[in-house]
Amino acid sequence: GDSVTQMEGPVTLSEEAFLTINCTYTATGYPSLFWYVQYPGEGLQLLLKATKADDKGSNKGFEATYRKETTSFHLEKGSVQVSDSAVYFCALSNAQAGTALIFGKGTTLSVSS
Amino acid sequence: SAVISQKPSRDICQRGTSLTIQCQVDSQVTMMFWYRQQPGQSLTLIATANQGSEATYESGFVIDKFPISRPNLTFSTLTVSNMSPEDSSIYLCSFLRGTVYNEQFFGPGTRLTVL
């Protein structure tokens with residue numbers, strides 16, 4: 001079945017460092033891909049999305065490109081801030097499999113000043 | 001964009017009791033979902049709730065344990081029945097916006113602890 005694999009955390013960075021969180025997926029057809037963020041004590045927020053190959057989603061300085069050839073959707077940010085400390089979830093939605101979101105296990109990011 | 005809220009935000013319950021979680025959206029939505037996030041884990045879909053029909057449960061979840069109501073297009077409830085410590089989780093509702101890209105928006109979650 002469809003699945004999402006994220007890099008294991010936690011990821012610990014200093015402020016202004018470059019961030020990459022790897023995400024790869026397995027799916028039939030042409031899924032939509034998402035990154036969600038969960039700040040401490042809060043629910044999930046949609047961070048960005050991409051709906052077809054080579055699309056780049058971006059928001060708040062974060063970017064991710066839908067790479068069909070490598071089945072990847074890696075999250076990047078050029079300069080992280082302490083306020084970016086959160087848990088990041090990669091997810092996919094495959095119309096052929098229904099409308100449920102399939103989530104990766106999440107990656108905890110901790111940014112120190 | 002629609003706002004989604006949940007009540008209660010957190011609760012501590014005794015084993016064997018039941019808790020009903022409410023989810024309210026400030027605009028009409030067709031599809032709503034309930035997820036469970038166990039401690040340190042990712043989200044797992046419990047069921048899909050469409051107004052006017054029975055909820056559709058995922059493998060491993062049953063209606064007797066997690067009854068769901070969807071009385072109208074802005075509201076849903078999830079009941080966690082006959083609770084045990086293994087039910088301690090965050091429960092989140094979400095709604096689907098649009099039908100093409102399956103973009104979901106989540107409530108703030110209900111943090112449940114069962115003693």
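Computed from a prediction, not measured in an experiment: that's the story for all the values here.
Atom CD of E8(A) is surrounded by 12 or fewer heavy atoms from other residues, nucleotides or ligands within 6.0 Å. Within a 6.0 Å radius of CD in E16(A), no more than 12 heavy atoms belonging to other residues, nucleotides or ligands are found. Within a 6.0 Å sphere centred on NZ of K68(A), heavy atoms belonging to other residues, nucleotides or ligands number more than 12.
Listed by chain and residue number, S18(B), P67(B), T79(B) satisfy the side chain to side chain contact (heavy atoms under 4.5 Å, CB included) test with S81(B) (two or more places apart in sequence, or in another chain). For the side chain to side chain contact (heavy atoms under 4.5 Å, CB included) test, residues two or more places apart in sequence or in another chain that qualify with T26(A) are S3(A).
Atoms OH and CG, from Y35(B) and L101(A) in turn, are 4.0 Å apart once rounded to the nearest 0.5 Å. Between the CG atom in L46(A) and the OG atom in S94(B) there is a gap of 11.5 Å [rounded to 0.5 Å].
Proximity to chain B at a heavy-atom threshold of 4.5 Å picks out F103(A), G104(A), K105(A) from residues 103-113 of chain A, in numerical order.
Two different hydrophobic clusters hold I46(B) and F106(B) under the rule that ILVMFWY side chains link at heavy-atom gaps under 4.5 Å. Using a 4.5 Å cut-off between side-chain heavy atoms of Ile, Leu, Val, Met, Phe, Trp and Tyr, with links allowed through other members, I4(B) and L73(B) fall into different hydrophobic clusters.
The parts of L43(B) that come within reach of chain A are both its backbone and its side chain, each placing non-hydrogen atoms under 4.5 angstrom from that chain. Only the side chain of Q38(A) comes within contact range of chain B, with heavy atoms under 4.5 Å apart.
For residues 54-67 of chain B, every residue pair satisfying the side-chain hydrogen bond (donor to acceptor under 3.5 Å, both in side chains) rule, not counting sequence neighbours, is listed here: K65(B)-D87(B).
Note: Q37(B) leads Q37(B), R10(B), Q6(B) in heavy-atom pairs under 4.5 Å with chain A.
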